Amino acid sequence: MRTMSPAAPAGASSRPQSNPVPAAGPRTLRRRVGAYVALTKPRVIELLLVTTLPTMILAQGGFPPVGLVLATLVGGAAAAGSANVLNCYLDRDIDQVMNRTKRRPLVTGEITPRAALVFGLLLGVASLTWLALLVNVPSALLTGAAILIYVVGYTMILKRRTPQNIVWGGAAGCMPVLIGWSSVTGGLSWAAVLLFGVIFFWTPPHYWPLSMKFRKDYAAAGVPMLPVVAAEAKVAKEMIAYTVAMIACSLLLVPVAGMTWVYAVVATVLGVWFLWSNVALYRRAQDPSRGKLRAMSVFHGSITYLSLLSVAVAVDVFLPL
């Protein structure tokens, strides 16, 4: 039996009425912008900026002018974003092999390689120009060096050739403290070098646990991260050595930068805690009967360590001691 449709209201057109379709433009634009933002790796940028502001406070001996802080952080974020975009462009072939990276916009096709390359280069030029004009030339030069170390040194030369890739290529991630210091003083000092050392020695015990977690991914992509080519116990032993060197740099800041006993206590407690997490990882790697490796707990612990140490650096400046 045929069902009769309700009568149309008077004056209505006899043509079929199409349901209104929400405009796709704004959604498409947001999605495209989000894809470009994803290429810059915002979470990595956040961690870099965490170390920049405390360094500026220490260099100033107080809170620097707000305009200088904003100019430095914006320029630094844009520069880091540029390096990350170019890294995604150069690594798009291995990103599609790894489960951790296979949803990046260049792999899914949401952004074309040409568009990513142009975006990365323009962002880099804009960041260097911004820093040179609104901060100072030394900071712009250090920023340019950081981009080159990460894009050329790490991504193009070291990453696919040596298990020590993250050690030397990771120097790019140490540059924000030098940039922050030079933005305030126009130069560098031994205190800035020690802060560089903290992050330099922190990088392997920060990144190698992540490489342990995704060892199969890196192996499938042909990237010789140390956990891919060495036993877990050997990797953990090297992490302990780097952590000891990191703690030494953090404590040398006390006499060199004139830090108070409060910072000394906090740096010691944080260092011992993070060192113990590395030792525990080594013991589990040596003896699987102790339980799962739990490498990611060390990875997350490394972020906590650096964040709290950075807070301690900043707060210590304002203590009336």
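The structure displayed is predicted, hence computed values, not measured ones.
Residues Leu86 and Leu121 meet the side-chain proximity criterion, which asks for heavy atoms closer than 4.5 Å. In this structure, the side chains of Phe63 and Leu53 come closer than 4.5 Å at one or more pairs of heavy atoms. The shortest side-chain heavy-atom distance between Lys216 and Val228 does not fall under the 4.5 Å cut-off. Taking the side chain as every heavy atom from C-beta outward, Pro205 and Glu238 never approach each other to under 4.5 Å. Side-chain contact check for Ile199 versus Leu195: every heavy-atom pair is 4.5 Å or farther apart. At a threshold of 4.5 Å between non-hydrogen side-chain atoms, the residues Pro113 and Leu106 count as touching. Residues Leu270 and Phe274 form no side-chain contact, since every pair of their non-hydrogen atoms from C-beta on lies 4.5 Å or further apart. At a threshold of 4.5 Å between non-hydrogen side-chain atoms, the residues Val266 and Leu309 do not count as touching.
Smallest separation of non-hydrogen atoms from Tyr242 and Pro204: CD1-CB, 3.8 Å. Taking all atoms of both residues into account, the shortest heavy-atom contact from Val313 to Tyr263 is CG2-CE1, 3.7 Å. In terms of heavy-atom proximity, Leu194 sits nearest to Cys249 at O-CB, 3.9 Å. The two atoms that bring Gly124 and Ser127 nearest to each other are O-OG, 2.7 Å, heavy atoms only. Scanning both residues, Lys102 and Val107, for their nearest heavy atoms gives O-CG1, 3.1 Å. Residues Pro288 and Ala285 share a closest heavy-atom pair of CD-O, 4.4 Å.
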Evaluation steps, side-chain contact (heavy atoms from CB on, under 4.5 Å), between Thr203 and Val167: CA-CA 7 Å; Thr203 300; Val167 176; over 6 Å; no

Audit row: Trp168, Phe200, ring-ring contact (aromatic ring centres under 6.0 Å, His included) steps and yes/no: CA-CA 8 Å; Trp168 303 109; Phe200 180 82; 5.8 Å; yes

Full working for side-chain contact (heavy atoms from CB on, under 4.5 Å) between Val298 and Met239: CA-CA 10 Å; Val298 180; Met239 288 168 57; 4.0 Å; yes

Ser211/Leu226 under side-chain contact (heavy atoms from CB on, under 4.5 Å): CA gap, chis, key distance, verdict: CA-CA 8 Å; Ser211 303; Leu226 187 63; over 6 Å; no

Verdict with supporting geometry, Val279 and Ile240, side-chain contact (heavy atoms from CB on, under 4.5 Å): CA-CA 7 Å; Val279 171; Ile240 292 172; 4.0 Å; yes

Trace of the side-chain hydrogen bond (donor to acceptor under 3.5 Å, both in side chains) decision for Tyr89 with Arg114: CA-CA 9 Å; Tyr89 169 79; Arg114 177 184 173 83; over 6 Å; no

Chi angles and distances behind the salt bridge (Lys or Arg N to Asp or Glu O under 4.0 Å) call for Asp91, Arg104: CA-CA 11 Å; Asp91 277 352; Arg104 286 179 176 170; over 6 Å; no

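The CG atom of Leu73 sits 6.5 Å away from atom OG1 of Thr52, with the distance rounded to the nearest 0.5 Å. Distance CG/Leu281 to OG/Ser297: 7.5 Å, rounded to 0.5 Å. With rounding to the nearest 0.5 angstrom, the CG atom of Leu142 is 4.5 Å from the CE atom of Met175. Note that CZ of Phe119 is 12.5 Å distant from OG1 of Thr112, once rounded to the nearest 0.5 Å. Taking NE2 from His206 and NE2 from His300, the interatomic distance works out to 10.0 Å, rounded to the nearest 0.5 Å. Distance check, rounded to the nearest 0.5 Å: CG of Leu148 to OG1 of Thr143 gives 11.0 Å.
Of the possible donor and acceptor atoms, one in the side chain of Ser310 sits under 3.5 Å from a partner among the backbone N and O of Leu306. Between the Thr40 side chain and the Gly81 main chain, no donor and acceptor come within less than 3.5 Å of each other. Side chain of Arg284 to backbone of Leu293: a donor-acceptor contact under 3.5 angstrom is found. A donor-acceptor pair is defined here as one N or O able to donate and one able to accept, closer than 3.5 Å; no such pair exists between the side chain of Trp208 and the backbone of Ala236. Side-chain N or O atoms of Ser307 include none that pairs as donor or acceptor with a backbone N or O of Thr304 at under 3.5 Å. Of the possible donor and acceptor atoms, one in the side chain of Thr108 sits under 3.5 Å from a partner among the backbone N and O of Pro105. A donor-acceptor pair under 3.5 Å links the side-chain atoms of Arg161 to the main chain of Ile157, judged by distance alone. Judged by distance alone, the side chain of Asp217 and the main-chain N or O of Met98 form no donor-acceptor pair under 3.5 Å. Ser139 places no side-chain N or O within 3.5 Å of a backbone atom of Val135 that could act as its donor or acceptor partner. The backbone N or O of Ser182 lies less than 3.5 Å from a partner atom in the side chain of Asn136, making a donor-acceptor pair.
Using a 4.0 Å cut-off between charged nitrogen and carboxylate oxygen, Asp93 and Arg160 count as a salt-bridge pair. One finds no salt bridge joining Arg32 and Glu110 here, because no Lys/Arg side-chain nitrogen approaches an Asp/Glu carboxylate oxygen to under 4.0 Å.
Counting non-hydrogen atoms of other residues, nucleotides and ligands closer than 6.0 Å to CH2 of Trp273 gives a total above 12. Under a cut-off of 6.0 angstrom, the local environment of CZ in Arg31 is sparse, with at most 12 non-hydrogen atoms contributed by other residues, nucleotides or ligands.
Linking Ile, Leu, Val, Met, Phe, Trp and Tyr residues whenever their side-chain heavy atoms come within less than 4.5 Å leaves Ile149 and Leu48 in two separate clusters. Following chains of ILVMFWY side-chain contacts shorter than 4.5 Å, one cannot reach Val177 starting from Val44, and the two form parts of different hydrophobic clusters. Under the 4.5 Å side-chain heavy-atom criterion for ILVMFWY residues, no single connected hydrophobic cluster contains both Val269 and Val272. With hydrophobic clusters built from ILVMFWY side chains whose heavy atoms lie under 4.5 angstrom apart, Leu49 shares a cluster with Val317. No continuous path of hydrophobic side-chain contacts links Val137 to Leu128 [ILVMFWY only; heavy atoms under 4.5 Å].
Just one residue in the list Asn87, Thr101, Leu90 forms a side-chain contact (heavy atoms from CB on, under 4.5 Å) with Asp95, and that residue is Thr101. None of Arg294, Lys237, Arg215 except one satisfies the salt bridge (charged side-chain N to carboxylate O under 4.0 Å, His left out) rule with Glu232; the exception is Arg215.
Phe196 and Trp181 have their aromatic ring centers separated by at least 6.0 angstrom.
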